[in-house]
There are 2 protein chains.
Amino acid sequence: MAAKLRIALIEPSQIVRTGLEASLSSFGAKFQVLWSFSSISHFTSFSDEIDPDIIVVNPALFDQTGAEKVKTAINNPRDARIVAFAYSIISESLKRQFSAVLSIYDTPSEIAMSIERVFQKEIDDNELIQSGYTPHPVEYDLSDREKEVLVSVAKGFTNKEIAGIHNISVHTVISHRKNIVRKTGIKSVSGLTVYSLLNGLIEQ
Amino acid sequence: MAAKLRIALIEPSQIVRTGLEASLSSFGAKFQVLWSFSSISHFTSFSDEIDPDIIVVNPALFDQTGAEKVKTAINNPRDARIVAFAYSIISESLKRQFSAVLSIYDTPSEIAMSIERVFQKEIDDNELIQSGYTPHPVEYDLSDREKEVLVSVAKGFTNKEIAGIHNISVHTVISHRKNIVRKTGIKSVSGLTVYSLLNGLIEQ
DNA sequence: AAAACAATCCCCAATAATGGGGATATTAAG
DNA sequence: CTTAATATCCCCATTATTGGGGATTGTTTT
């Protein structure tokens, strides 16, 4: 790895962009943040003209439902490694879509090491696949109605209230809830609430 | 406001510290980040030797239960304005303890304006008090046991399971839950889960 | 066209939670 | 020393949820 790693940064916070650029430039021999964007659409409009080795992106910029895949959302013709740089909780299904997940609390040297490790891991990945490991495929596929009911559950409404809100009978609410539990494997209201928060179904 | 505002920064992320320092220095005529700390204890060991006009602090560094008051946690003999610099959701009760709440998504100039506004607001504050306004006083005061039970509720355990975990009878669990509902005013499990997340009682 | 899924409704029995009312012992604060 | 708060326990009745079993009518998907 003689050449410098060319980094493209997609990060909405100007403060964080400035901080990352300055911090990574202190490892000048190894890294160069050559491109810096505040949004994915901003990145996309330039993605054919640049050729980064690594795309460092804030995972909060993605649809957190898991419906949108990171690899299709990011136009990446030269197959750069995509690394997340997170400063809040993100869902497991989103995490799995990145080569690495960095944290805002990592020190610059930790970040540098993680990025280097991403390139070392390329070899290991093949071994993992040979040894029967497949990257976790699970992604819950809730129907629109099920999501609506889930949101109401997460907001703390009782089945009777949910029935009223959606103009359906309590029986139907219960049916939907049974399917939600079956699909997600999450039985408790609190678990479903956290799931809804993580997947961007509700805010606050 | 002829003199430069002297800023002390308490922020665990080195990346963010670097970014804020660089960004605020571009307003060199008005601001100076003179001191920079990674934790409150680090700040405290120097707080008698420095005299900032403003303390910019990451609110995540505080006990999010609201039990610990920001003004007592931060040794602030010269009564500097305390401003929060947040990059995740924080509870309303914590927000109210700061002169301003900045966001990591604010641009440097927005941050600069907000900080200037803090000093203008000093005058207005007196008027607000005269006109009958009092800063919201509500702060739930859950006992240790109640917090423990709340955490278990938020983790999705049933009353029976919680009783087992804490070696008390289901009756006692129910009693604690009654008191939690009475004190917080939050009736639903999902509401209590969000409360626990916001107040840092549970992670994930 | 058949199969799978979505959305709606129903019954039943068991389990869990809510809301009201207690009680007692200990500790902390005024 | 009295009061308030905490922590523990109990009873009762009502309401809610869970988990099992259905059914029907559409709409996609293969």
Side-chain angles (χ1 to χ4, degrees), chain A residues 65-67 69 72 93 137-196 199 201-202, chain B residues 63 65-69 72 93 137-196 199 201-202:
Chain A
T65 59
K69 302 290 181 301
T72 55
S93 59
V138 188
E139 208 130 84
Y140 313 139
D141 206 15
L142 297 181
S143 72
D144 289 346
R145 203 53 156 171
E146 284 160 359
K147 278 181 197 165
E148 286 171 26
V149 171
L150 173 55
V151 167
S152 291
V153 170
K155 283 181 176 173
F157 294 113
T158 65
N159 289 341
K160 198 190 276 183
E161 289 169 330
I162 296 168
I165 290 164
H166 297 292
N167 253 301
I168 53 179
S169 89
V170 183
H171 302 293
T172 310
V173 176
I174 291 171
S175 285
H176 287 311
R177 290 192 64 170
K178 282 175 187 169
N179 288 327
I180 293 165
V181 171
R182 182 177 50 77
K183 286 181 178 177
T184 65
I186 303 168
K187 290 189 174 187
S188 68
V189 173
S190 67
L192 292 169
T193 305
V194 174
Y195 173 87
S196 301
N199 290 279
L201 298 177
I202 54 170
Chain B
D63 165 24
T65 59
E68 185 194 29
K69 302 291 181 301
T72 54
S93 59
V138 189
E139 208 132 86
Y140 312 139
D141 207 16
L142 297 181
S143 70
D144 289 346
R145 203 52 155 171
E146 284 160 359
K147 278 179 198 166
E148 286 171 26
V149 170
L150 174 56
V151 167
S152 292
V153 171
K155 283 182 175 173
F157 293 113
T158 65
N159 289 341
K160 198 189 277 183
E161 289 169 329
I162 297 168
I165 290 164
H166 297 291
N167 254 302
I168 52 179
S169 89
V170 184
H171 303 293
T172 310
V173 176
I174 291 171
S175 286
H176 287 311
R177 289 193 65 169
K178 283 176 188 171
N179 288 327
I180 292 165
V181 170
R182 182 178 51 77
K183 287 181 179 176
T184 65
I186 303 168
K187 290 189 173 187
S188 68
V189 174
S190 66
L192 292 170
T193 305
V194 174
Y195 173 86
S196 301
N199 291 279
L201 298 178
I202 54 170

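Numbered from 1 within each chain, the chains take letters A, B, ... in sequence-line order. This one's a predicted model, so the numbers in the text were calculated from it and none came from an experiment.
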Please report the shortest heavy-atom distance between A:Ser152 and A:His166, naming the atom on each side.
OG-NE2, 3.2 Å
Rounded to 10°, the angle between the first-five-pair and last-five-pair axes of the helix from C:dA7-D:dT24 to C:dG30-D:dC1 is 50°
Short side-chain to backbone donor-acceptor contact, A:Glu146 and A:Ser143, under 3.5 Å
yes
Side-chain heavy atoms of A:Ile168 within contact of A:His176, under 4.5 Å
yes
From NE2 of A:His171 across to C1' of C:dC11 the rounded distance in Å is 8 Å
Walking along DNA chain D from 5' to 3', note the first and the last nucleotide with an atom under 4.0 Å from a heavy atom of chain B, and give both.
D:dT6 to D:dC10
Can you tell if the side chain of B:Thr172 reaches within under 4.5 Å of the side chain of B:Arg177, non-hydrogen atoms only?
no
State the OG1-CD1 distance between A:Thr193 and A:Ile186, to the nearest 0.5 angstrom.
9.5 Å
Taking for B:Val181 and for B:Ser175 the nucleotide of DNA chain C with the nearest heavy atom, the one nearer the 5' end belongs to B:Val181
Indicate the atoms forming the closest heavy-atom contact of B:Leu142 with B:Lys147, along with that distance.
O-CE, 3.6 Å
Which distance, rounded to the nearest 0.5 Å, do you find between the CG of A:Asn167 and the CD1 of A:Ile162?
13.5 Å
If I take atom CZ in residue B:Arg177 and atom C1' in nucleotide C:dG20, what distance separates them, rounded to the nearest angstrom?
17 Å
Do you know which two heavy atoms are closest between A:Ser196 and A:Ala154, and how far apart they sit?
OG-CB, 3.6 Å
OP1 or OP2 of C:dA16 under 4.0 Å from side-chain N/O of B:Lys160
yes
Identify the two heavy atoms, one from B:Ile180 and one from B:Leu192, that lie closest to each other, and give their separation to 0.1 Å.
CG2-CD2, 3.9 Å
Distance col, row B:Leu150:CG vs B:Lys155:NZ, nearest 0.5 angstrom, shows 11.0 Å
Does a nitrogen or oxygen in the side chain of B:Asn159 sit under 4.0 Å from OP1 or OP2 of C:dA17?
yes
In whole angstroms, how far is the C1' atom of C:dA23 from the NZ atom of B:Lys178?
12 Å
For side-chain contact (heavy atoms from CB on, under 4.5 Å), just list the numbers for A:Val170 and A:Glu161, CA-CA rounded to whole Å, side-chain angles, deciding distance to a tenth of an Å, and then say yes or no.
CA-CA 9 Å; A:Val170 183; A:Glu161 289 169 330; over 6 Å; no
Review item, nucleotides 2-7 of chain C N/O atoms under 3.5 Å of protein N/O:
residue	atom	partner	partner atom	Å
C:dA6	OP2	A:Lys183	NZ	3.3
C:dA7	OP2	A:Ser143	OG	2.2

